[in-house]
Amino acid sequence: MNPQAGTSRRRYDPQEIARYYRRRPWLAIGRTILIIWHFAGFLLGLLWDQWQHRDVEHTPERAAHLRHVLTDLGPTYIKVGQALSTRPDLIRKDFLEELTKLQDQLPPFNHEQAMAIIEAELDQDLDLIYSEISPEPIAAASLGQVYRARLRTGEEVAVKVQRPNLLPVLTLDLYLMRWAAGWLSPWLPLNLGHDLTLIVDEFGIKLFEEIDYINEGRNAERFATYFADDSHVKVPSIYWRYTTTCVLTLEWINGFKLTDTERIKAAGLDQDALIQIGVTSGLRQLLEFGFFHADPHPGNLFALPDGRMAFIDFGMMDQLEQNTKETLVDSVVHLINKDYDQLAIDFVKLGFLSPETDIRPIIPALESVLGNVMGTSVKDFNFKTITDSFSELMYEYPFRVPAQFALIIRSLVTQEGIALSLNPDFKIVDVAYPYVARRLLNGETPALRRRLIEVLFKDGKFQWQRLENMIAIARSDRNFDLLPTAQLGLKYLLSDEGDFLRRQIILALTEDDRLHTAEVQRLWSLIQPDLQPSRLFDAAWGAISQFSTDQVAALKL
């Protein structure tokens, strides 16, 4: 594939790229020498600090040096730096702060060249398109830069212009990264096999998607459709008349970056409410829609003056299959409930373990490592601790990270990091588990209703404590109303599908030859504050009225 060619330049094909550069080894050799030269200076600086016994706190210039190295090496390495800037588990704090600047503090390319690209792509003079446009870019990113403008029709817009000659740089760097991944994998202590190459390929696919602005516009509209019922999430509109592969025109967003805590406080915005919106919207993307924003760094998330959260930059998105979404729900439930045998099966289904793996010795290892992660309370849970502890298992057992889950893990850790910047005491489970509990209790789909039964019954016995915990945690969500959930539950019990659960409830109430009055009383005390008699009667009547008299009479207990 000729990187300069326009016909297939938006499709990532590692084999075709490899064939192209194998016939031009001088390009790969020259780029390799340049990369080594840049990193050699940085590594020598680290060695010099060690020889001089200089403390980390006294070498801030080293972190800045790394940022400059990645910037000088261009878009591919800037994207790598952006990914590392969201990993406090891998990068020390001083480096993390510098790498964060790669998200939106990059040098722009020539302004006149950007204007020429807009005119060429839109095939119109600038004066015919805009009544005004900023004389300089208001933001520069790894793959493009953004101008603030006003269309002749009056709308205020953001105009995103792609950096020139991106494809040759990206393809050459991806070729070298893929070669290095294949060469390094056998020597790494982690049992990754060929998965490093797959991770590079996933990175390459996403990069190619990012440099297709038409694809990004479609992603934005699809994302907006999913959140159409959520008044807390804002997605900018796309102006298709002024959008091409290399120029994207979208609605201007007036807001504050989520990391700009001073401006957020000055605007009187509720930081905990913003956290709630961000984490809940992230979970909905993964567990409901299966279509998620894979690059949610602080430069792509804004707090609006009215309390909403705006997402921008939809170039890096990914899709989950329905069975993957359901298994993710399973894994969260099994982790919280400490069902490590089922959790091991979830890892096989998700691709972290191969189907041929003997999971029997892995189950106690999961319990040993992840049991400590959970601590004495569900509120001790966080994704950073999970990723740290999980890495320990990868040294001893045949775990691997599926390429797609590298993006998911990055997305989750990033969102948790943003939330921690707003509230250092934040625990992601304070939002995540109420959301999962609420979805299970609501049981909107047969799959979720089956999972609720799996949670509530173990070894044929009803788990009273789990139901209490689930309701208590779900009620900790301020937006959770127990009454509609109770109505859904009653509808389910009265349906044919609820026959099994009706029988199990009777058995649960009379197991061990006794009535579980104490457990029922605790449950009633827990839910009674939300169930005023008038609302409870209306909800019950609403559920029962959907069934005929014969249907209700025919119910089998």
Side-chain angles (χ1 to χ4, degrees), residues 28-107 140-142 169-170 172-192 195-197 199-200 203 207 259 295 297-299 383-385 387-392 394-395 401 406 409-410 413-414 416-418 420-421:
I29 292 170
R31 181 63 172 168
T32 302
I33 292 171
L34 184 65
I35 293 168
I36 292 173
W37 175 261
H38 275 78
F39 278 108
F42 170 70
L43 293 173
L44 286 173
L46 289 178
L47 290 173
W48 177 258
D49 291 340
Q50 289 183 1
W51 291 334
Q52 297 296 312
H53 303 289
R54 299 174 70 189
D55 295 332
V56 168
E57 292 78 8
H58 299 147
T59 58
E61 69 276 8
R62 210 60 64 210
H65 186 185
L66 177 60
R67 176 170 60 84
H68 289 304
V69 166
L70 296 175
T71 302
D72 291 342
L73 286 174
T76 317
Y77 284 87
I78 291 170
K79 296 300 291 185
V80 172
Q82 288 175 348
L84 291 174
S85 74
T86 65
R87 295 298 304 269
D89 53 322
L90 299 179
I91 306 297
R92 71 191 200 197
K93 185 181 178 185
D94 56 332
F95 279 74
L96 206 66
E97 292 171 352
E98 278 294 324
L99 292 180
T100 300
K101 297 176 182 178
L102 292 173
Q103 293 165 0
D104 52 11
Q105 297 182 34
L106 294 169
S142 54
V169 176
L170 296 181
L172 181 53
D173 284 340
L174 288 168
Y175 167 69
L176 294 174
M177 285 181 178
R178 199 172 191 274
W179 173 83
W183 184 80
L184 284 173
S185 289
W187 303 95
L188 291 176
L190 301 182
N191 188 5
L192 291 172
D195 286 351
L196 270 182
T197 305
I199 289 173
V200 173
F203 180 58
L207 272 180
T259 48
D295 193 21
H297 66 68
F383 280 114
K384 181 183 180 300
T385 308
T387 53
D388 289 348
S389 301
F390 191 76
S391 64
E392 298 175 20
M394 296 190 72
Y395 283 93
V401 179
I409 292 168
R410 176 190 172 195
V413 173
T414 300
E416 184 176 61
I418 293 171
L420 288 171
S421 72

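All figures in this text were calculated on a predicted structure; none of them were measured in a lab. These values consider heavy atoms only, across backbone and side chains, with no hydrogens, waters or symmetry-generated copies.
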Gap separating the [atom1] atom of [X] from the [atom2] atom of [Y], nearest 0.5 angstrom:
X	Y	atom1	atom2	answer
Leu70	Leu66	CG	CG	4.5 Å
Leu102	Ser142	CG	OG	9.0 Å
Leu106	Ile78	CG	CD1	4.5 Å
Asp72	His38	CG	NE2	4.5 Å
Trp179	Thr197	CH2	OG1	12.0 Å

Would you check if Met177 and Tyr77 make a side-chain contact, meaning some heavy-atom pair closer than 4.5 Å?
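With C-beta onward as the side chain, the pair touches.
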
Is there a side-chain contact between Phe42 and Arg62, using heavy atoms and a 4.5 Å cut-off?
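The answer is yes; the side chains approach within 4.5 Å.
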
Ala28 and Leu176: which non-hydrogen atoms are nearest, and at how many Å?
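Scanning both residues, the minimum pair turns out to be CB-CD2, 4.0 Å.
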
Closest non-hydrogen atom pair between Leu73 and Asp173, with its separation:
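The pair with the smallest heavy-atom distance is O-OD2, 4.2 Å.
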
Arg31 and its side-chain contact (heavy atoms from CB on, under 4.5 Å) partner, picked from Ile33, Ile29, Leu34:
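Only match with Arg31 under side-chain contact (heavy atoms from CB on, under 4.5 Å): Leu34.
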
When the ring planes of Trp48 and Trp51 are compared, do they come out parallel, tilted or perpendicular, using 30° and 60° as the limits?
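Geometry flag for Trp51 against Trp48: perpendicular rings.
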
